[in-house]
Amino acid sequence: MEGTSIVTIERHIIEAERKYPEASGAFSNILTDMALAAKVISRQVNMAGLVDILGRVGRSNVQGEAVQKLDVFAQDVIYQAMDHTGHLCCMVSEEQEDLMPIPEVFPAGDYVLLFDPLDGSSNIDVNVSIGTIFSIHRKISGETRGTLDDCLQVGRKQLAAGYVVYGSSTMLVYTTGQGVHGFTLDPSIGEFLLSHENIQIPNPATRYYSANEARYPHWEPAMQRVLDRFRAGEEWGGAFSARYIGSLVADFHRTLLRGGIFMYPGDRSNPNGKLRLLYESSPLAFIAEQAGGRASTGTEDILDVVPTSLHQRTPLFLGSTEFVDEAERILKQG
Ligand code: AHG
Ligand code: MN
Ligand code: MN
């Protein structure tokens, strides 16, 4: 019988793992566990409106849980999906100041998971797409339980990176360094099915830019020149279109599929911008590179930045290589 065209994310992960005979399977299990967590979060996100209504009248939500912030809910779902599996040595969440250890009652493993449990929080209650972002590194310390050194690794050493976008459909997009692949959740069977194999950012680049232009007056002059250049667009055959959703995952997902450049620069009051390196910029940079694009701080590749703290921020220029190169060229002129 012809191989069925339905490829679940579990099957895709197992077939990718077969290329590494020495693979222990732990790494694949982490990705599968993340897919499970994504399904649970997706269900809650899709209930958010109702949960909110039920919560407001003081009742618990339809699942009988106390209504809680979706960011915290998403973090707890991911942590509890992975804390007992024995594959991770620690975790880092945007919502936790310090690294999250694996409980002593559970075995620790060889990998580190860093994640933004819910990205685009400001869009949760206006029904605009939000997301989850994750990054996986291999433990490098000789410790059984993860240390800060295991978490503060340069982006180029990532083993895997991915995101979930909770939008008109829920999609999980990930790379393990063998291309970027997208899976769409079929809620009727609770499976992520391969829908976008080997995603490549459109080339030649399509003329979209994505930035919070309200910050323009606060940008350095060089950054203002970058936007002016894209607004004019003459070098690329015409004016650009502006698209800005305000959820990094949604803005990046569009950039990955349609092309263009996403920019969150620093400004005079926040020279390092707003977005975090370890669990926002670095994983998306890995995905962008695997899809034929790239990501820069404005002066160097995001993937070459050596982290010094868990929640450090970085300016981010992400998407079609020729536009990121152009932004870098103008910014380096100062
Ligand atoms: P988070 O909700 O995880 O804190 O992330 C929000 C981020 C990111 O999703 C988005 O690109 C950015 O905030 C939007 O910031 P502005 O509202 O300043 O444009
Ligand atoms: Mn975020
Ligand atoms: Mn977040």
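As the structure lists them, so they are numbered: ligands from 1, and atoms in each ligand from 1. Just so we're clear, the structure is a prediction, and the values are computed from it rather than from any experiment.
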Sub-4.0 Å atoms of ligand 1 with respect to non-hydrogen atoms of [X]:
X: Tyr264; result: 15 (O), 16 (P), 18 (O), 19 (O)
X: Asn212; result: 16 (P), 18 (O), 19 (O)
X: Glu94; result: 1 (P), 3 (O), 4 (O)
X: Tyr244; result: 14 (C), 15 (O), 16 (P), 19 (O)
X: Leu118; result: 2 (O), 3 (O)
X: Leu275; result: 7 (C), 8 (C)
X: Gly120; result: 1 (P), 2 (O), 3 (O), 5 (O), 6 (C), 9 (O)
X: Asp116; result: 3 (O)

Please state which protein non-hydrogen atom is closest to atom 10 (C) of ligand 1 and give its distance, to 0.1 Å?
Gly246 O, 3.4 Å

Around atom 17 (O) of ligand 1, find the nearest protein heavy atom and jot down its residue, atom name and distance.
Lys274 NZ, 3.8 Å

Could you tell me whether a side-chain N or O of [X] sits under 3.5 Å from a main-chain N or O of [Y], the two making a donor and an acceptor?
X: Asp267; Y: Arg215; answer: no
X: Thr8; Y: Arg11; answer: yes
X: Thr255; Y: Ile261; answer: no

Any idea which part of [X] is under 4.0 Å from ligand 1, heavy-atom wise: side chain, backbone, both or neither?
X: Arg276; value: side chain
X: Leu248; value: both
X: Ser247; value: backbone
X: Arg215; value: neither
X: Asp119; value: both

Any chance you could lay out the side chain to side chain donor-acceptor pair (under 3.5 Å) test for Glu10 and Thr32, step after step, and finish with the verdict?
CA-CA 6 Å; Glu10 289 82 6; Thr32 305; 5.7 Å; no

Phe323 and ring-ring contact (aromatic ring centres under 6.0 Å, His included): which single residue from Phe262, Phe317, Trp236 fits?
Trp236

Among the N, O or S atoms of [X], which one sits nearest to the Mn ion (ligand 2)?
X: Asp116; result: OD2
X: Asp119; result: OD1
X: Glu280; result: OE2

Is the distance between the ring centroids of His137 and Tyr111 under 6.0 Å?
no

Within a strict 4.5 Å, meaning less than it, do heavy atoms of the Lys274 and Asn270 side chains meet?
no

Who's closest to atom 2 (O) of ligand 1 heavy-atom-wise, of Ala214, Ser121, Gly131?
Ser121

Measure up the His12 and Tyr174 rings against each other and bin them: parallel (under 30°), tilted (30 to 60°), perpendicular (over 60°).
perpendicular

Hey, can you tell me if His84 and Phe106 have their rings parallel, tilted or perpendicular (30° and 60° cut-offs)?
perpendicular

Of the non-hydrogen atoms in Phe27 and Ala160, which two are nearest, and what is the gap between them?
CZ-CB, 3.4 Å

Quick check on side-chain contact (heavy atoms from CB on, under 4.5 Å): which of Asp149, Asp150, Leu88, Thr147 does Lys139 satisfy it with?
Asp150

Residue Glu94, metal the Mn ion (ligand 2), N/O/S under 2.8 Å:
no

On the ring face of Phe252, is Arg243 found with NZ or CZ under 6.0 Å from the centre and within 45° of the axis?
no

Heteroatom test (N, O or S) for Gly120 near the Mn ion (ligand 3), limit 2.8 Å:
no

Taking it one step at a time, do Arg313 and Ser281 satisfy side chain to side chain donor-acceptor pair (under 3.5 Å)?
CA-CA 9 Å; Arg313 300 173 193 266; Ser281 304; over 6 Å; no

